[in-house]
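Structure, as structure tokens:
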Amino acid sequence: MQFPETFRALESRNYRLFFIGQGLSLIGTWMSQTALIWLVYHLTNSALLLGVVGFAQQFPNFLLSPFAGVLVDRWNRQHTLIATQALSMLQSLLLAVLAFSNAIDLWYIIALSVFQGCVNAVDIPARQSFVVHLVDRPENLGNAIALNSSIFRGARLMGSASAGLLIAAVGIPACFAIDTVSYAAVIAGLFAMRLRKREMPIPSQDETVPRPIQSTSSLSTSSLIIGGLRVYYC
């Protein structure tokens, strides 16, 4: 399948599945984030507590990401992402159920935000470093990273705008419900991928610098993780 030069990374089937699934899921995520901000302020009418909820979600990510990145390099990234996306779906489902039943409370929101932050600590480095294994041609890797950044920013714009319209028309719970369903796209794409097994070389005892650190692929992975975190927080 031929694509324009701007989208040449989409020629790789695995990356194409990842790109479409991630795009749909990210739109749902930003809808949920916008609805959550609206809900917290509606419940508390407090800018301080709104900041507390944001802190509850981001602090576990900040604290655990360095350790999670080390573990992700040793785990199967495809299986890791399926697990983290399923947990994120569960978190969004719980928010939807609580919101639809009018049983939502600030402390439930804070607890679920901490839970999502812990999940994101593993999901972000796994997702960003996974791109290396999805592009068939090495020369398309840079384009894949650029497309990742574009889809994130585009989803942020579309999701936030859609959430505003949906909250006004239907209500906050619908945003959480749509976010829950949107995770199915990326999970289905991950299951549909056909990946080659990658063997990690084991360094000998007389090596002062481990071979994975010396390898270009590992350096690329580290760069992707750092770049991915920068994209996530910008």
Side-chain angles (χ1 to χ4, degrees), residues 22 24-72 75 80-129 152-153 155-164 166-167 171-183 186-187 225-234:
Q22 182 180 231
L24 294 174
S25 179
L26 284 173
I27 291 173
T29 297
W30 281 108
M31 291 180 68
S32 178
Q33 287 293 320
T34 305
L36 188 64
I37 293 170
W38 190 291
L39 177 62
V40 171
Y41 196 76
H42 176 73
L43 290 174
T44 66
N45 199 33
S46 169
L48 175 63
L49 291 176
L50 185 60
V52 168
V53 172
F55 178 81
Q57 188 173 50
Q58 298 299 334
F59 184 70
N61 193 2
F62 172 78
L63 188 67
L64 300 175
S65 285
F67 307 100
V70 174
L71 294 174
V72 164
W75 295 342
T80 300
L81 284 172
I82 290 172
T84 57
Q85 294 298 304
L87 290 173
S88 295
M89 176 187 279
L90 175 63
Q91 187 260 6
S92 192
L93 176 62
L94 290 174
L95 278 174
V97 171
L98 290 171
F100 274 118
S101 62
N102 291 319
I104 196 74
D105 186 77
L106 178 64
W107 300 110
Y108 293 149
I109 295 174
I110 291 176
L112 289 172
S113 295
V114 171
F115 174 77
Q116 186 62 54
C118 294
V119 173
N120 286 343
V122 178
D123 180 77
I124 294 170
R127 182 154 33 98
Q128 297 298 332
S129 61
F152 183 89
R153 297 180 187 279
R156 186 174 190 173
L157 176 63
M158 294 174 61
S160 300
S162 300
L166 198 61
I167 290 170
I172 292 173
C175 294
F176 298 136
I178 291 175
D179 183 35
T180 302
V181 174
S182 72
Y183 283 105
V186 68
I187 292 174
I225 293 174
I226 294 171
L229 289 174
R230 289 178 63 189
V231 167
Y232 183 82
Y233 288 113
C234 291

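Keep in mind that what you see is a predicted model, and the values were worked out from it rather than measured.
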(message) With a 4.5 Å cut-off on side-chain heavy atoms, are Leu36 and Phe176 touching?
(response) yes
(message) Run Leu106 and Val52 through side chain to side chain contact (heavy atoms under 4.5 Å, CB included) and show every step you take.
(response) CA-CA 10 Å; Leu106 178 64; Val52 168; over 6 Å; no
(request) Hey, could you give me the CD/OG distance between Gln116 and Ser32, rounded to the nearest 0.5 Å? (result) 8.0 Å
(message) Looking at every heavy atom in both Ala96 and Ala177, which two are closest together, and how far apart are they?
(response) CB-N, 3.9 Å
(message) So Val119 and Gln91, do their side chains get closer than 4.5 Å, heavy atoms only?
(response) no
(request) Any chance you could measure Tyr41, atom OH, to Ile37, atom CD1, to the nearest 0.5 Å? (result) 12.5 Å
(request) Kindly determine whether Asp123 and Ser88 satisfy side chain to side chain contact (heavy atoms under 4.5 Å, CB included), including the steps that lead there. (result) CA-CA 9 Å; Asp123 180 77; Ser88 295; 5.7 Å; no
(request) Report yes if the side chains of Leu50 and Thr44 come closer than 4.5 Å at any heavy-atom pair, otherwise no. (result) no
(request) Give, for atom OG of Ser182 and atom CD of Gln22, the distance between the pair rounded to the nearest 0.5 Å. (result) 11.5 Å
(request) Can you see which heavy atom on Ala121 is nearest to which on Asn61, and at what distance? (result) CA-OD1, 3.4 Å
(request) Look up atom CZ in Phe115 and atom OG in Ser113, then write down how far apart they are to the nearest 0.5 Å. (result) 11.5 Å
(request) Would you give the length of the straight line joining atom CG of Leu112 to atom CD1 of Ile104, rounded to the nearest 0.5 angstrom? (result) 7.0 Å
(message) If you define the side chain from C-beta out and look only at heavy atoms, does anything of Ile109 sit under 4.5 Å from Leu43?
(response) yes
(request) Please list, chain by chain and in numerical order, all residues satisfying ring pair (Phe, Tyr, Trp, His ring centres under 6.0 Å) with Phe55, sequence neighbours excluded. (result) Phe59
(message) Nearest 0.5 angstrom please: Asp179 CG to Leu93 CG, how far?
(response) 10.5 Å
(request) Would you check, one step at a time, whether the test side chain to side chain contact (heavy atoms under 4.5 Å, CB included) holds for Leu95 with Tyr108? (result) CA-CA 9 Å; Leu95 278 174; Tyr108 293 149; over 6 Å; no
(request) Taking all non-hydrogen atoms of both residues into account, name the closest pair between Ala174 and Phe100 and its distance. (result) N-CZ, 4.1 Å
(message) Can you give me the closest heavy-atom contact between Ala35 and Ile167, atom names plus distance?
(response) CA-CD1, 3.9 Å
(request) Evaluate the criterion side chain to side chain contact (heavy atoms under 4.5 Å, CB included) for residue pair Val186 and Leu26; output intermediate values, then yes/no. (result) CA-CA 9 Å; Val186 68; Leu26 284 173; over 6 Å; no
(message) For a 4.5 angstrom cut-off between non-hydrogen side-chain atoms, does Ser65 reach Ile124?
(response) no
(request) Check whether any side-chain heavy atom of Leu71 lies under 4.5 Å from a side-chain heavy atom of Val122, and answer yes or no. (result) no
(request) State which residue, out of Ser160, Ser162, Ser92, fulfils the side chain to side chain contact (heavy atoms under 4.5 Å, CB included) condition with Met31. (result) Ser162
(request) Mind listing the closest non-hydrogen atom pair of Pro60 and Ala56 along with its distance? (result) CD-O, 3.1 Å
